[in-house]
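Keep in mind that what you see is a predicted model, and the values were worked out from it rather than measured. Computed over heavy atoms, backbone and side chain alike; hydrogens, waters and symmetry mates excluded.
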Amino acid sequence: MEAESPRTVNVLCPKLLLSRTPGDLQWLIGSPFFPPSTVLSTVRCLHNPSDSPFSPDSAKESDDLRTLIPRGFDLIGALYVSDGGGDAVATNASGAVSAAYEMRRRLSRDEGIDREKKISSVIDSAAAKFRDKQVAYIVEGEDSPSVAPQPIVLRGEELDFESNISDKHWKNTSSPLCSYFHSENKHVTLSSMRESPDTIRVTVLFNQTRNTPNASALVAEYFPALESVELVAISLQLDVLCFSAKELPAGLAVSKLVVPGLIDQLTTMKKAILSEKSTQGLQLCPYHFYPPRITHPITAIYELSYGERELRQAEIRKFLHSRLGLPLDRPLLLIANSLNFGNKGSNSTEHGSPLLKMSTLISQVVECILISHATDFREIQQALVDIGDKEAPFVGSREWIGAIELSFVLDKLLGVTCKILNVRSGADLPEKCRELALHFDTQGTPIMIGGGVLAYTLLGVDYNETSGDCAFLILDPHYTGTDDLKKIVNGGWCGWKKAIDSKGKNFFLADKFYNLLLPQRPKMV
């Protein structure tokens, strides 16, 4: 008998996500579209007692995982960190396997989730509409209209809700493959999934009227209520993100990924509604994130009735950071960091360079520390008047301001403190590259460069510790066009600059002084 080949486990997530803390139980996340035993990420189990790590609160844990992990990714196992040896290894391994098996059973959503006990009749009715024969799904690519393939329409009666997506018997279906909407020559890697994924948009259309073979007149009957009734209307925004292989038929992607994902989201929102004393003003909103060091996107549902900075929302983000192994000193899951399709451009040219610089810097610091704060030029000027740095006529003027004033504004408007780095000559700036690299490693906020010349934003440095060679990633805030990345980069508005280029020209002038403003990132989630 031929010996069985050893089975290997492929770990694609960064090693730092694998906990080294004894007693820590983590769920291993994979996907049916990757080779078996491929670990894409790890998620900490947080609903488990310390004296019984292999007996988590399955209901709470499975509810959290359904919301957090998009369809197309699955729980494939568990990891338990133990500091014991001998018989304890086998015991702990058995406990981890049992915990993973139970959680997989709870997450087996296609077998049903005991709706009679867990989902109200309202959610049952809404969920059933997604499987209705009359429902229609418009499936279309995200490319520009000139290159995008024609959208397709899938009707509920055409969808297969019975097949198992893991069987991979997909060839007999009539709907086109997901690759129909993708770039033909694009090589898919884990990095391309993050930077430039091929996306497909699915829109749900409900048919409110039914076609009947025989023409008939509409009949309406009136049934008065025999007692007082209350009508409660709740508007829910559903937005699901799924992961699919290119070879999967679009029909199966809708029936086995999109529709179950919508039902999961409805279920999660219903439980959130039931936990609230009142539904008035309730704002449940789903957001998708692609945090650093995690190889797949995640989804979070926030209740925003009292704003994103409300204490309870901060606790939810802290909980998610802990579960995902994200640092607890930087906000990675605020709305400003969610996946989106870009912003419209601006053509404002009414103000001088420093104020343009300030507006750019605030918008970038906002994205780095992720605090929602809309700032215009007059607000910047008014802030300096309010703290006594400028006189009242300064508001509305085109007077320039420097790095010190900018630090006052960031402190006043955002509560962000700054370090000021003074450089007497542009020739000395390369000597500061090590210090600047440390700033980007520890703080990650953009740096304003001002002084005796036009202002710039420094977005990063490329520093070789061995040779001392360095380059500066410069953003010119004087750009006034639309958010066309190709135009911005090709026009030299954003790019890498050497202190001395190949022609011997100095980017930083030796006869000019420079002030560098280094915003310090608040430690928060």
Residues that T268 engages under side chain to side chain contact (heavy atoms under 4.5 Å, CB included), provided they are two or more places apart: T67, I301

Contacts of F440 meeting side chain to side chain contact (heavy atoms under 4.5 Å, CB included) (sequence neighbours excluded), chain-then-number -> I447, L458, V461

So, are K60 and D63 salt-bridged, with charged N and O less than 4.0 Å apart? no

Report the distance from atom CD1 of I138 to atom OG1 of T203, rounding to the nearest 0.5 Å. 6.0 Å

Holding to side chain to side chain contact (heavy atoms under 4.5 Å, CB included), I want the full list of residues that pass it with I488, two or more places apart in sequence or in another chain. Y479, W493, C494

Quick check: F33 with F73 (ring centres under 6.0 Å apart)? no

Which residue in the set V139, V258, V254 passes side chain to side chain contact (heavy atoms under 4.5 Å, CB included) when paired with I200? V139

State the OG-CD1 distance between S175 and I152, to the nearest 0.5 angstrom. 6.0 Å

Under 3.5 Å donor-acceptor, T38 side chain and F34 backbone: no

Is L333 close to L326 at the side-chain level, that is, under 4.5 Å between some pair of heavy atoms? yes

What distance separates I69 CD1 from L75 CG, expressed to the nearest 0.5 Å? 8.5 Å

Decide yes or no for Y137 and L205: does some side-chain heavy atom of the first lie under 4.5 Å from some side-chain heavy atom of the second? no

What distance do L459 atom CG and W496 atom CH2 have between them, rounded to the nearest 0.5 Å? 8.5 Å

Under the ring-ring contact (aromatic ring centres under 6.0 Å, His included) test, residues paired with F130 that sit two or more places apart: F206

Return the set of residues passing ring-ring contact (aromatic ring centres under 6.0 Å, His included) with H47 (not counting sequence neighbours), or none when no residue passes. F319

Do C285 and Y302 come within less than 4.5 Å of each other through their side chains, counting heavy atoms only? no

Identify, with sequence neighbours excluded, every residue that meets side chain to side chain donor-acceptor pair (under 3.5 Å) alongside T299. H288

Would you please name every residue forming a side chain to side chain donor-acceptor pair (under 3.5 Å) with D462, sequence neighbours left out? none

CD/Q313 to CG/L304 distance, rounded to the nearest 0.5 angstrom? 5.5 Å

Within the structure provided, determine whether M103 and W27 are in side-chain contact (heavy-atom separation under 4.5 Å). yes

Are the side chain of H321 and the backbone of P327 linked by a donor-acceptor contact shorter than 3.5 Å? yes

Verify, without hydrogens or angle tests, whether T295 (side chain) and L40 (backbone) share a donor-acceptor contact under 3.5 angstrom. yes

Kindly write out the residues that satisfy side chain to side chain contact (heavy atoms under 4.5 Å, CB included) with S37, not counting sequence neighbours, or none if the list is empty. R7, V9

Residues Q265 and T267: side-chain donor-acceptor under 3.5 angstrom: no

Looking at side-chain heavy atoms only, is the closest gap between M269 and P286 below 4.5 Å? yes

Step by step, would you call D160 with K256 a salt bridge (charged side-chain N to carboxylate O under 4.0 Å, His left out)? CA-CA 8 Å; D160 178 5; K256 305 304 292 183; over 6 Å; no

4.5 Å side-chain heavy-atom contact, L107 and L65: yes

Taking it one step at a time, do E303 and R312 satisfy salt bridge (charged side-chain N to carboxylate O under 4.0 Å, His left out)? CA-CA 9 Å; E303 204 289 289; R312 185 171 63 169; 3.6 Å; yes

Residues that E140 engages under salt bridge (Lys or Arg N to Asp or Glu O under 4.0 Å), provided they are two or more places apart: none

Using side chain to side chain donor-acceptor pair (under 3.5 Å) as the criterion, list what pairs up with R323, not counting sequence neighbours. E61, D64

Please list, chain by chain and in numerical order, all residues satisfying side chain to side chain donor-acceptor pair (under 3.5 Å) with E102, sequence neighbours excluded. R105

Minimal non-hydrogen separation, L159 against S255, with atom names: CB-CB, 4.0 Å

Taking the side chain as everything from C-beta on, heavy atoms only, tell me whether S31 gets closer than 4.5 Å to D74. no

Any R317 side-chain heavy atom under 4.5 Å of S322 side chain: no

